[in-house]
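So the structure is just underneath, and the comments pick up after that.
Note on naming: letters A, B, ... go to the chains in the order of the sequence lines (proteins, then strands), and numbering restarts at 1 for each one.
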2 protein chains.
Amino acid sequence: MTAPTNTPRLQQIRAVAERLFRDKGYLAASMREIAREVDMKGGGSLYAHIRGKEDLLWDIVNDATDAFFAALTPTLAGSDAPATKLRRAMIGHILTITTHLGAAAAYFDEWRHLAEPRRSQFLARRDDYERLFGEIVAAGMAAGDLRPADPRLTTLHILSSLNAVRVWYKPEGRLSAQAVADSLADLLMHGLCC
Amino acid sequence: MTAPTNTPRLQQIRAVAERLFRDKGYLAASMREIAREVDMKGGGSLYAHIRGKEDLLWDIVNDATDAFFAALTPTLAGSDAPATKLRRAMIGHILTITTHLGAAAAYFDEWRHLAEPRRSQFLARRDDYERLFGEIVAAGMAAGDLRPADPRLTTLHILSSLNAVRVWYKPEGRLSAQAVADSLADLLMHGLCC
DNA sequence: GTCTATATAATGATAGAC
DNA sequence: GTCTATCATTATATAGAC
């Protein structure tokens, strides 16, 4: 939570910061560069809109967290069988990444540049999400819907496999986000073997 | 390639840099901090051993690349069936990550802070490795050993799933590296479904 | 709200004594 | 090879005119 205002100019600044934080990393992206990309002549003007660089990261990280929860909530509320629920959760997770690539980079990689207590607050929310996701996996195994295995370790494998999409997915590439999501869900559900 | 010498002191500096680059990121890890962790009193003393900070990153990144190739080569040379080869390659890849966590962080995340032409040189070698890995996948599908799918996309999914282990694996944790490697190989080979 | 100028702190790297 | 001192650069952030 920074300012209660949310002007178009601020949103523009946040969009640029999101892109630069992803492209070069939080530390390598300077305030002067962000300012230049929104057609300001010096970094100082930014401080009429934000209190500091870290606020930009904080807002981006929270947008990402909100998006992941928003994608998972309807799946959790549904009454599908666990395996179907898991597939829907996986697809939703991947599509959230592919439609919020900048925010995803902050969520997975750049959050460590947050100072306390924000850092811990973020990690707590991320843990909540992973716990919710893991409950689907555990339920599926308990119901005999999924192969029995260590549910915590399996959830870790699933989520980190899904998250890896952020590294190489290109919106302008030959593959649609849906095709990437479907293929990875198939791979995780059925495996490589015949 | 930096200096032809390779003293114990230099190896110690590289080991510290590797750990700090992983823990805080390349840019956030200062030369003064590296110096302090090898019991030097100021960052200046480091320059009797290296020419610059980037040389440390470069050497670490190349160590990682060498390690990945070293793990893959015997598997490629073997005469196993493609599916067996793939499993061995996956296990070897994961174990290389877990035994070189600092170098893996540089290999996957910090390489972008290399200036040209080193950056491109590194990416070319990494592409070579991924191509070799992908040939096992393609051969397995061609032989009917693996389920038919887009071999390039499948290779991308496999490798990025394996690579994700670096993010959460803790050597002092409850799971051995071998257990992590086996469980992920099982998941990718056979899937979650019954 | 944006500009210019600047305060303040930290960085990578170098120089020279020992 | 390590020390201390320092240079040059860059960073985030602030002050005050407009």
Using a distance-only test with no angle check, is there a side-chain donor-acceptor pair under 3.5 angstrom linking Asn6(A) and Arg14(A)?
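Checked: Asn6(A)/Arg14(A) side chains pair up, N/O donor to acceptor below 3.5 Å.
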
In terms of relative ring orientation, are Tyr26(A) and His113(A) parallel, tilted or perpendicular, with 30° and 60° separating the classes?
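Because their plane-to-plane angle is under 30°, the rings of Tyr26(A) and His113(A) count as parallel.
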
Taking the inter-plane angle between the rings of Phe68(A) and Phe108(A) on a 0 to 90° scale, is it parallel (under 30°), tilted (30 to 60°) or perpendicular (over 60°)?
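Answer is perpendicular, since the angle exceeds 60°.
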
Quick one: [X] [atom1] to [N] [atom2], roughly how many Å, whole number?
X	N	atom1	atom2	result
Met40(A)	dA13(D)	CE	C1'	15 Å
Ile34(B)	dT2(D)	CD1	P	15 Å
Arg36(B)	dC3(D)	CZ	C1'	17 Å
His49(B)	dT2(D)	NE2	C1'	8 Å

Reading 5' to 3' through nucleotides 4-18 of chain C, protein heavy-atom contacts under 4.0 Å coded B for base, S for sugar-phosphate only, - for none
S------BBBB----

Are Arg126(A) and Trp111(A) in a cation-pi setup, meaning NZ or CZ lies under 6.0 angstrom from the ring centre and within 45 degrees of the ring axis?
yes

Who passes side chain to side chain contact (heavy atoms under 4.5 Å, CB included) against Leu101(A), sequence neighbours left out?
Arg22(A), Ile97(A), Tyr169(A), Pro171(A)

Would you be so kind as to tabulate the donor-acceptor pairs closer than 3.5 Å made by side chains of residues 129-138 of chain A, with sequence neighbours excluded?
residue   : atom : partner   : partner atom : Å
Tyr129(A) : OH   : His93(A)  : ND1          : 2.8
Arg131(A) : NH1  : Asp128(A) : OD1          : 3.0

